[in-house]
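So the structure is just underneath, and the comments pick up after that.
Both counts, for ligands and for their atoms, begin at 1 and track the order of listing.
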Amino acid sequence: MTDPGSTPTPPHRLMDIVTGLWAAKALAVATRMGLFSDLSAAPGLPVAEVAARHGIAERPAELLLTACAGLGLLVREGEGYANTPEAERYLVRGRPEYFGDAVISFDRRYAGWMRLEEAVAGNVPTNFDPRAKESMFDAQDAALKKTYWSAMYALSAPSARALGEVLDLGGVRRLLDVGGGGAAYDIELCRRYPDLRATVLDLPFVCELTREWVEEAGLQDRIALAPGDFLRDAALPTGHDAVLLSQVMHNWDEPTNRSILRKCHDALPPGGLIVISELLVDDTKDGPRLPALMSLHMLVSTWGQNYTPSDYTHWLTDTGFTDIHTLRFSAPGADGAVVGVKA
Ligand SMILES: C[S@@+](CC[C@H](N)C(=O)[O-])C[C@H]1O[C@@H](n2cnc3c(N)ncnc32)[C@H](O)[C@@H]1O
């Protein structure tokens, strides 16, 4: 007999979609309050004590904890709750794979999602004021600076490890990570390839934040920081035999991306490798779910979208790259890489 709960009937599926925001908000609020960190230190902490610790009434404490249990992030223990292995690994502050900053950073950007109709109607981002600034990457935005790049780090470290499994960088000595952000790819790839050196090119204020992660990883001798601006600088730093663009192209429109790719091409020697790592929308433009939704997230947050392997193949071919192919892997921040070689 089929388990009646195992095959959701269509209205249930719609209800799951409709209530997706409820689940995301429950996770974000619990993470911001540090509930998973509390329960890591004191599994089974009675609900009344959780409430007292956070200065809230017992009713909302119980409902939030129950919701997190319903989401599979907590289990009952004694008079309270304890983390599941997933929550213990990813949602406890200070853990090496802590994902909480990504949860909090995406939650902050629901402000733009709440105005999705405006983004759809006007073909404009709603997560920043496009009349006041060029993009969301704003040195003056203190809240963005506080969480965005640590969120990118949490999202990109697993992507970098997954890319490292399918892409052989054994022949590469120096990698230029254009828009390298928190250096997650550089740190993970340098750990995997002991002879690899990398340069992170990013905006000057981002490089200052990134320095901390590189030093924490003890890789300051192998990962250099190159403050720059890939939109305004006429040329990118040379002396590298590979260029990486991770979650950069999805922030910009086609003409801007073609211009960035031209600069990457100019900076590489013949035979140099280019790697574009992204959540890729299928060429048929009917999914998969996460890249398709990330693309809509780009509508509210940027001038870009999540492109298809075929889009990248055309742009790379027009720019002068050959041997273009797409590698597939699975990670929350990327599920493929389009790779080419400078002719
Ligand atoms: C979505 S993040 C990706 C970060 C990193 N590549 C990763 O995958 O973790 C985009 C990055 O592009 C950088 N960026 C945006 N505009 C830039 C510009 N004009 N010049 C250099 N970097 C820029 C941002 O600061 C940010 O770090």
| message | Can you tell whether the side chains of Lys145 and Glu208 come within less than 4.0 Å, N to carboxylate O? | response | no

| remark: of all protein heavy atoms, closest to atom 9 (O) of ligand 1 is Ser156 OG, 2.6 Å

| Enumerated ligand 1 atoms positioned under 4.0 Å from heavy atoms of Met152 | 1 (C), 3 (C), 7 (C), 8 (O), 9 (O)

| query | Where does Tyr148 meet ligand 1, judged by heavy-atom distances below 4.0 Å: at the side chain, the backbone, both, or neither? | reply | side chain

| query | Closest non-hydrogen protein atom to atom 3 (C) of ligand 1, residue and atom name please, with distance? | reply | Ser246 O, 3.4 Å

| field | Side chain, backbone, both or neither: the part of Tyr153 lying under 4.0 Å from ligand 1 by heavy atom | value | neither

| field | Ion pair Asp107/Arg32, N-O distance below 4.0 Å | value | yes

| request: Give the ring-plane orientation class for Phe137 versus Trp252, where under 30° counts as parallel, over 60° as perpendicular and anything between as tilted. | output: tilted

| message | Between His250 and Tyr307 (judged by ring centroids, cut-off 6.0 Å), do the two rings come close enough to count as a pair? | response | no

| task | Find out if a path of hydrophobic residues (ILVMFWY) with successive side-chain heavy-atom gaps under 4.5 Å connects Leu169 to Val178. | result | no

| Contacting atoms of ligand 1, where contact means under 4.0 angstrom from a heavy atom of Leu231 | 19 (N)

| Flag, side chain of Asp335 to backbone of Ser330, donor-acceptor distance under 3.5 Å | no

| note | For Pro309 and Val338 the tightest heavy-atom approach is CA-CG2, 4.2 Å

| Charged N-O contact under 4.0 Å between Arg258 and Glu254 | yes

| Looking at ligand 1, does any of its N/O atoms fall within less than 3.5 Å of an N/O of Asp202? | yes

| query | In the protein, which heavy atom is nearest to atom 18 (C) of ligand 1, and how far is it? | reply | Leu203 CD2, 3.5 Å

| Any idea which part of Ala184 is under 4.0 Å from ligand 1, heavy-atom wise: side chain, backbone, both or neither? | neither

| Which atoms of ligand 1 sit under 4.0 Å from any heavy atom of Trp149? | 25 (O), 26 (C), 27 (O)

| message | When you measure from the side chain of Ser259 to the backbone of Pro255, do you find a donor-acceptor pair of N or O atoms at a distance under 3.5 Å? | response | no

| query | Distance from Ser310 atom OG to Lys285 atom NZ, nearest 0.5 Å? | reply | 8.0 Å

| task | Ignoring hydrogens and angles, tell me if any N or O in the side chain of Asn127 forms a donor-acceptor pair with the backbone of Trp113 under 3.5 Å. | result | no

| task | Closest by any non-hydrogen atom to atom 21 (C) of ligand 1: pick that one out of Phe230, Trp252, Tyr185. | result | Phe230

| message | Let me check something: do Leu21 and Leu296 share a hydrophobic cluster, defined by ILVMFWY side-chain heavy atoms less than 4.5 Å apart, either directly or through other members? | response | yes

| Just distances here: any N/O of Asp177 and N/O of ligand 1 closer than 3.5 Å? | no

| task | Say whether Asp229, considering both its backbone and side-chain N or O atoms, lies within less than 3.5 Å of an N or O atom on ligand 1. | result | yes

| field | ligand 1-proximal atoms of Leu245, by part, heavy-atom distance under 4.0 Å | value | neither

| request: Look at ligand 1 and say whether Gly182 reaches it with a heavy atom at a distance under 4.0 Å. | output: no

| request: May I ask you to check whether Gly179 has an N/O atom sitting below 3.5 Å from an N/O atom of ligand 1? | output: yes

| In the protein, which heavy atom is nearest to atom 15 (C) of ligand 1, and how far is it? | Phe137 CD1, 3.3 Å

| query | Which ligand 1 atoms does Val206 reach within 4.0 Å, using its non-hydrogen atoms? | reply | 25 (O)

| remark: The protein heavy atom nearest to atom 10 (C) of ligand 1 is Asn251 ND2, 3.5 Å

